[in-house]
2 protein chains.
Amino acid sequence: MADVARRAGVSSQTVSRVSNGHPGVVDRTREQVLAAMRELGYRPNSAARALRSGRFRTIGVILFSLSTTGNVRTLDAIATSAAAEGYAITVIPVEAPTQDGVNGAFTRMGELAVDAVILLMEVHLLDAASISLPTDVPVVVADSDAGDRYPVVDTDQAAGSRTAVEHLLGLGHRTVVHLAGPSESFSAQRREDAWRRTLHEAGRDVPPVYRGDWSAASGYAAGQEIARTDATAVFAANDQMALGLLRALAEAGRKVPQDVSVVGFDDLPDAVAYLPPLTTVHQDFAEVGRRCVAGVLRQMADRTIPHGRTLVPTRLVERASTAAP
Amino acid sequence: MADVARRAGVSSQTVSRVSNGHPGVVDRTREQVLAAMRELGYRPNSAARALRSGRFRTIGVILFSLSTTGNVRTLDAIATSAAAEGYAITVIPVEAPTQDGVNGAFTRMGELAVDAVILLMEVHLLDAASISLPTDVPVVVADSDAGDRYPVVDTDQAAGSRTAVEHLLGLGHRTVVHLAGPSESFSAQRREDAWRRTLHEAGRDVPPVYRGDWSAASGYAAGQEIARTDATAVFAANDQMALGLLRALAEAGRKVPQDVSVVGFDDLPDAVAYLPPLTTVHQDFAEVGRRCVAGVLRQMADRTIPHGRTLVPTRLVERASTAAP
DNA sequence: TTAGTCCATGTTTACGTAAACATCCGTCCT
DNA sequence: AGGACGGATGTTTACGTAAACATGGACTAA
């Protein structure tokens, strides 16, 4: 910076002003400084800048793994929204949902150069870890439950599940079997609860729950059992398990949708190419990401911590995997 | 830090030594400092640390989107490897493969707090942008072609494709149709070249190429055309297109694998649940990620720029989508 | 005993920037 | 004409840390 200043014949402070787009620099001077910057290949030192300003212009995203589609798509949206606001994203993966894993991530996080944190994971693991986030950093929790400790942004799991179940009941099915996600997952829990409540309110039998781990393989395993029952309608807690379910039903000779109707959750891009194309609940991951970023930025601006939950609506995408019984 | 020093009754330099695990601090003193840190909730300021040491302990990953499975899985592996080495990952998404998009990302990158960069994108777009990376930052390019300007880590696309084609020929198919990826993609190009070469060397006809954009929907569209031909074996350039292809073949009444054999590329977790389970070329994304990280770390240590290409081997995973004609 | 060594710890300094304050000069008003 | 004002730019300083160098005391060996 001093070199640039010398070359442009100004003070380093003027260089700083140009560099940050501050007003009060006359055009001619600005041009000289910019020219000097170009000639010297000057690039501001972000460490010094951060040290001085106390801002890193970076948001940390903590997540368990990039192997679940939902997380990834939310992360994508977060990264895009953040970039639009001039913020970079630091990804902090937690290897395993163990105490050690979470501890490690948070220890690292403590030393991390981030102005805010978005948590893409189940917060009860946070509790278990008996470590809480640095209190001076804005936090938004996505796709989880944070009680009232942090603001939460989430897909409206309950409404989505209700839509799915009501769609199947509306087609004339007596009841709907649920292929649930892992019981540790709040999303899975909420989808299951809403399924149960919807059936209950409609005065239908609530059949036993089948449970998978979100993977297609687990959906296949559960599907083999379901195929042996007289179920005519299945609501799978995500599309990947629905894919495995479709395979199990096909192998068992149960036709979809003639014999069994299937509804998924997520609306993966691939779902349109399943056999048959999957009727599913569309999640607006992009909107979730946008609201997460908006949430932390608002906290940074206000220095206030808004609590409460923001729900992003879903919509049912009807394809070819559902029909009247 | 000064507060911690005062509280522990030592100098700030001793605090620094404890904080960084330097030797030459006696146990008793170390304990006192650690206790003071705990009591005061001290967390080192990474900006100051980076300013002083010149290291951010952060690696930047530039990519086009998180919507392609390969990128995401590589990113996951990179993040994990980097975390194991005490490095954080900053994701720098480039919105669109346009000149502006790339320029923007690189401008931002220039000001970014990263010690090294891993590029997860086609480098010819880099050329088009007529902007090159800051020369003082180690770079590794993955899944692309960088000529000899940067070291490259990539899946062994050619060997993988050859395995797939030879597997099909070995089953007795006269020739193999290729459902290729988009022509802008180097990966797609290399898979296509290897397919063509393998057929050629075996003295077989080289049928016209069908082309998709990696998506299941595009695979479905191409599949509808392929279903009208007398093709008995198809090598799809990725699993998602293979999924669409399977749907198109099923709808056209062509049985897989009895009438048509299909091989994919990637080995997505879901591929095991396709109808039928997909025979595919397994890519070791984790290894690609590890080698990318190892590559930039080595550059940082040596201050040398190793050129050349590192190829990660693939293996064929035989499932139920291939059979003798 | 005394000089030499080595280890634990303290002191000083610089990293590159931006905020706060200071200065200078031209303009405008009375 | 003289002073007040405001805009453009310069000067000083502090951000929190770690490297380099300094110090002091304990131990060893002759």
Side-chain angles (χ1 to χ4, degrees), chain A residues 1-37 40-58 86 88 107-115 134 136-137 300, chain B residues 1-37 40-58 86 88 108 110-115 134 136-137 300:
Chain A
M1 186 154 130
D3 296 340
V4 173
R6 205 170 312 120
R7 175 123 184 178
V10 300
S11 75
S12 65
Q13 183 53 34
T14 301
V15 175
S16 170
R17 280 192 267 257
V18 171
S19 177
N20 291 309
H22 278 278
V25 178
V26 91
D27 281 353
R28 186 173 147 63
T29 311
R30 179 185 311 279
E31 274 315 315
Q32 286 172 351
V33 172
L34 289 174
M37 280 180 175
L40 272 61
Y42 167 78
R43 296 190 302 126
N45 177 313
S46 40
R49 192 170 266 195
L51 175 60
R52 190 66 193 121
S53 67
R55 286 290 158 99
F56 298 98
R57 298 199 73 75
T58 296
T107 306
R108 254 176 286 136
M109 236 277 319
E111 307 174 351
L112 231 50
V114 298
D115 301 322
D136 51 349
V137 171
M300 282 190 262
Chain B
M1 185 154 129
D3 296 340
V4 173
R6 206 170 311 120
R7 175 123 185 177
V10 300
S11 74
S12 65
Q13 182 54 34
T14 301
V15 176
S16 168
R17 279 192 268 257
V18 170
S19 175
N20 291 308
H22 279 278
V25 179
V26 89
D27 281 352
R28 186 176 146 61
T29 310
R30 179 184 311 278
E31 275 314 315
Q32 286 171 350
V33 172
L34 289 174
M37 282 179 172
L40 275 61
Y42 167 78
R43 298 190 301 127
N45 178 312
S46 40
R49 191 170 266 194
L51 174 60
R52 191 66 189 103
S53 68
R55 286 288 158 97
F56 298 98
R57 298 199 73 76
T58 297
R108 254 175 288 138
E111 306 174 351
L112 231 50
V114 297
D115 302 322
D136 50 350
V137 172
M300 283 190 260

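Computed from a predicted model, the values in this text were never measured in an experiment. Here is how names work: the chains are called A, B, and so on, in the same order as the sequence lines, proteins then strands, and each is numbered from 1.
When the side chain to side chain donor-acceptor pair (under 3.5 Å) test is applied to A/Ser19, the partners found at least two apart in sequence or on another chain are A/Arg49. Looking at residues two or more places apart in sequence or on another chain, you find no side chain to side chain donor-acceptor pair (under 3.5 Å) involving A/Ser53. In terms of the side chain to side chain contact (heavy atoms under 4.5 Å, CB included) criterion, residue partners of A/Ala50 (sequence neighbours excluded) are, by chain and number, A/Phe56, B/Ala47. Checked against side chain to side chain contact (heavy atoms under 4.5 Å, CB included), B/Ser12 has the following partners two or more places apart in sequence or in another chain: B/Met1, B/Ala5.
Within residues 26-34 of chain A, the residues that have a heavy atom under 4.0 Å from DNA chain D are, in order of number, A/Val26, A/Thr29. Within residues 5-14 of chain B, the residues having any heavy atom closer than 4.0 Å to DNA chain D are, in order of number, B/Gln13.
Contact detail for A/His22 and A/Arg30: the closest heavy-atom pair is O-NH2, 3.7 Å. The two atoms that bring A/Val33 and A/Val15 nearest to each other are CG1-CA, 4.1 Å, heavy atoms only. When all heavy atoms are compared, the tightest approach of A/Met300 to A/Arg55 is O-NH2, 4.1 Å. Shown here for B/Asp115 and B/Arg57, the closest heavy-atom pair between the two residues is OD2-N, 2.6 Å.
Among residue pairs with one or both ends in residues 4-28 of chain A, those qualifying as salt bridge (Lys or Arg N to Asp or Glu O under 4.0 Å) are A/Asp3-A/Arg6, A/Arg7-A/Glu39; sequence neighbours excluded.
Nucleotides of DNA chain D nearest to B/His22 and B/Ala47 differ in position, and the one nearer the 5' end is that of B/Ala47. Nearest-nucleotide positions on DNA chain C place B/Gly24 closer to the 5' end than the other of B/Gly24 and A/Ala2.
On the nucleic acid side, DNA chain C contacts chain B at distances under 4.0 Å to non-hydrogen atoms, with the end points of that region at C/dA8 to C/dG16.
End-to-end axis angle for the helix from C/dT1-D/dA30 to C/dT30-D/dA1, using five pairs per end and rounding to 10°, comes out at 40°.
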